[in-house]
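What follows is a single structure, written as structure tokens, with notes after it.
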Amino acid sequence: MEQSRREFLTTTGGLLGLLLAAGFLRPQEVAAEEWNQAAFEIKKMDDLVKLLGGGAARESAEVTIVAPDIAENGAVVPVGVASKIDKTASIAILVEKNPNVLAATFAIPQGTLPEVQTRIKMAQTSNVFALVKADGKFYYAAKEIKITLGGCGG
Amino acid sequence: MANPMKIRAKADGDVVEVKVLMSHIMETGQRKNQAGEPIPAHFIQMVSVTCKGRTVLSAQWGPAVSANPFLSFKFNGGHKGDKVKVTWVDNKGDSRSDEIVIA
Amino acid sequence: MPIIHRWLAAVAAGAGLALAVSAAGQDKAMEEIQKYRQMLQDGNPAELMEMNGETLWTMPRGANGATLEQCDLGLGPGKLDGAYAQLPRFFADTGKVQDAESRLVTCMTALQGLSLEEATRNWHRPGSDIEALVTLVATRSKGAKIDVPARHPHEAEMVAVGQEVFFRRSGPLDFSCATCHSQDDKRIRLQDLPNLTTVQGAQASMSQWPAYRVSQSAVWTMERRLIDCMRQMRFPDADYLSEAVIALQMYMQKNASGATLEAPGIKR
Amino acid sequence: MRRLAYTLLPRMLLPWTLLLGATAALPLPSSAGDVSAKAEDSFRKAFSTASPEQWATRLAQDEVNALCSKHRNQPPPEVAARIIELSKASIKLPEDGKLMGDWKEGEKLASIGTGGHIGRIQPDRAGTRQGGNCYACHAIAKQEIAAGNLGPSLTNYAKVRGTSPEAVRYVYAKIYNAQAFFPCSSMPRFGHNRWLTPKEIADAVAFLLDPESPVNK
């Protein structure tokens, strides 16, 4: 368990490295920037890991994902992310098993509380990650959300 | 033209809670129509929220944000009577801005 | 690299196991679904359709260039508040029992001079005029008590017809409405199935319609809901605004009378 | 097959008929005949665009559906007996005579709820697989949490019912036409209506009764 855990942290670091390279998770000037196509087109966690960059994220109890364990429909899954970490500057929501893993990023300027809520689509049951950048360091939380099938068959 | 947003902004002391519903289909580009042809992607990419000229939140979204998107957050420094302005831009270059007075 | 997958698989398996213990797991699952539904209550996209409905209500349209502001939904011309909660009802001017949708179409054709085709265009698609107008009308009955006593002979007959249709089985699955909606505490997969034959069940259900359906990105009217139930029963498309569909609604709204309308709801 | 159904009959029917005696038919509206004629007329008019073929296969009622509708799914004893008689006669065996198929195929069928949707609003795309959708109504394998409860739980079914040839025959016949045992059952008559093939039904039997199936693990 310990070993796989360390490995996981490294891979998460790689993901962050790629997202940074793609130019996202930079606070403040997002609105003036271009949409980060490269980051939003990342297909698989595998690809992210292959492109492993520097830096590592720490799992942190200070980052919380507010979401149900089970969603009745994958088209709308309420997800909130809150960070208690000082100087939180940005928050990203990622869904491991979606066709594109990155769902949304939020830049949190000074004066804005580090908590956002939105609703996302999930193609299937998956782990959802919240990544937080605070004072130049990275933190994350993970939560599995199950997607259930409807009864009448579409 | 894009339909208007529904914005709520409520001050509790110095903290303003903002809730926004946007009217947008948020089409992923991965779905097919009845005839089996792909439906082109159409989704909001950029969102910014300002109060008195100051950006209080900016976001970048992919097509995995749900249709008719919902966004909620809080910021410091706004007061009853101030205006909050929300702007979105989608991948086809369409955009929409709406304003609300903080209650 | 494979290790991350093992780690993630362990998370998944762990969560799966915790929920697998049949009865207890099912209860836990239903609890989490309740949490999901609760989280969606705050910020119902139906508010967007309601705004569109307000625009349409006051917009001069059709050959007559008229607005809908003089539309009579049963409480008198232009009286919107509480009107939805008393529909369907008999209208002397048309000589028919009408639901909110068929009555709105009457107003659009008679007052505004729109054709039937124009008034009902894309009724089954997100963004239709009907979706917006029904959302507006229902929202203006929020908090009102559903009151469909069916005292008029035509109304009483429609209740009886609706009940017959409700129990009418056919098709490749031998279904009727009653197959899924005549017992208490039942679910199809994890979706609750209201018992629409009882006051309690009909009240719980009808008080939430029309509703924004997250799976459809649209507000579904009661006719849209019923016609889709028939599609799921593997029937062909039932006609929009047809008597049998209004009769079903009449039967259910009568059963639901006394409930406080909380529409528009938000549903799967 | 006719003989099979008869041998199974007494055991299954007896408690059911006793129950029926106690609950009897619900009262119908006073002018029941008028209302049902009016309702049938309304119903027919509501499907003005249905083709004659669609009317015949999707909307017209056979004798059993008409009886169950009329009696609100609680037929009096003599009607129940008639339904059982008609239903028994409908059951057909797979061509190879094998009533236990492949549980893995049966497991797939149990989850698939698609197929058979028609009309212009939202028909299935061509080639959509038609499944049994068993999980819509039954808890079956423990792993599937999103199971309905319209029907009884079938978890550990082989342990409950055993795997004797009689049990296999019963389960096959029950899926083929549930109304041979429970008149006016909510369960679709999967074989009778040709929704599933005899081979697919045999696969579903295996999913429920094969000791290797996750249902019995």
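Reminder, nothing fancy here: chain letters follow the sequence lines and each chain counts from 1.
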Give me each pair satisfying salt bridge (Lys or Arg N to Asp or Glu O under 4.0 Å) with a member in residues 39-59 of chain B, each pair once, sequence neighbours excluded.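 Applying salt bridge (Lys or Arg N to Asp or Glu O under 4.0 Å) to every pair that reaches into residues 39-59 of chain B, excluding sequence neighbours, yields B:Lys52-B:Asp82.
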
So what's closer than 4.5 Å to chain C heavy atoms on B:Met22: side chain, backbone, both or neither?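 Just its backbone gets close to chain C.
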
Quick one: side chain to side chain contact (heavy atoms under 4.5 Å, CB included) partners of B:Ile100, sequence neighbours excluded?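 In terms of side chain to side chain contact (heavy atoms under 4.5 Å, CB included), with neighbours along the sequence ignored, B:Ile100 is linked to B:Ile7, B:Ala9, B:Val84.
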
Which donor-acceptor pairs fall under 3.5 Å between chain B and chain C:
| residue | atom | partner | partner atom | Å |
| --- | --- | --- | --- | --- |
| B:Arg8 | NH1 | C:Glu47 | OE1 | 3.1 |
| B:Arg8 | NH1 | C:Glu47 | OE2 | 3.4 |
| B:Arg8 | NH2 | C:Glu47 | OE1 | 3.0 |
| B:Lys19 | NZ | C:Asp42 | OD1 | 3.0 |
| B:Lys19 | NZ | C:Asp42 | OD2 | 2.6 |
| B:Asn68 | ND2 | C:Tyr212 | OH | 2.9 |

Please enumerate all residues that pass ring-ring contact (aromatic ring centres under 6.0 Å, His included) together with B:Phe43, with sequence neighbours excluded.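 ring-ring contact (aromatic ring centres under 6.0 Å, His included) list for B:Phe43, sorted by chain: A:Trp35.
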
